[in-house]
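Lettering of chains follows the sequences in order, A, B, ..., and the numbering in each one begins at 1.
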Amino acid sequence: MSLPKPMMRGLLAKRLRFHLPIAFTLALTAAIAFKYTVTEPKKRAYADFYKQYDAVKEFNAMREAGIFESVQPTGK
Amino acid sequence: MLATRALSLIGKRAISTSVCVRGGHGVAKVEDYALPAYFDRRDSPLPDVSYVQNLSAEQKSLKEKEKGSWVALSNEEKIALYRISFKQSFAEMNQGSGEWKSVVGGVFFFIGFTGLVVLWQRKYVYGPVPHTFEGDYKEKELQRMLDMRMGPVQGFSAHWDYENKQWKK
């Protein structure tokens, strides 16, 4: 009936030694994944949109659609 | 120590205010609340009292033998001494139960029942939705959103083809 003496000390340290590197790696991976799946495409989308953006043309289109209160469509 | 005692009251067993089943011994009198209690807790391994308070003659003689050399004790006697001091071993007190299945089942049942209640409410309690939800109104609303160029980069208007006046494929 002589069992081996169980681990009495250093239980938290042992757990941290194992889990902290995993935690840091996962967190870093999540951040990198988010950057390259969300923020980079979004930045590219905005850059591409504004490369060919003609503000005056858009304004006139909106004016003709009649959504403004300060200017009327050119017909009137 | 006070905290452990207080926590033990809301611990493993549900305890009413007037009746207390302590350590499986039976119903305790109200006065016993003031006395040190036995409890099986993982984070407080040595309770204030032994589990068995009233030793039988056999147990008393065993306790006497314990005062001598422990090498003389057989394994059964050692286990008997352990069981005098403690109700459940750590393995026994830590074992899980199947209670979670009942809990999850109950949760699903009541969520389903709530769904029925909500359906009934929608039919018999709430009035009609505002006129802004009607088809014509919604069409005009969405057309106005496109005219205003709402969400032109990645949002709503980004999916509309303004040249061909249709949704982009």
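Residues of residues 37-71 of chain A that come closer than 4.5 Å to chain B, counting heavy atoms only, are A/Pro41, A/Lys42, A/Ala45, A/Tyr46, A/Phe49, A/Glu58, A/Ala61, A/Met62, A/Ala65, A/Ile67, ordered by residue number.
The side-chain contact (heavy atoms from CB on, under 4.5 Å) search around B/Val129 returns B/Arg122, B/Phe133, not counting sequence neighbours. With sequence neighbours left out, A/Leu20 forms a side-chain contact (heavy atoms from CB on, under 4.5 Å) with A/Leu16, A/Phe24. The salt bridge (charged side-chain N to carboxylate O under 4.0 Å, His left out) test applied to B/Glu92 returns B/Arg83, not counting sequence neighbours.
For B/Gln166, the CD atom is densely surrounded, since the number of other residues' heavy atoms within 6.0 Å is greater than 12. Within a 6.0 Å radius of CZ in A/Phe34, no more than 12 heavy atoms belonging to other residues, nucleotides or ligands are found. Around the NZ atom of B/Lys140, the shell of radius 6.0 Å holds no more than 12 heavy atoms that belong to other residues, nucleotides or ligands.
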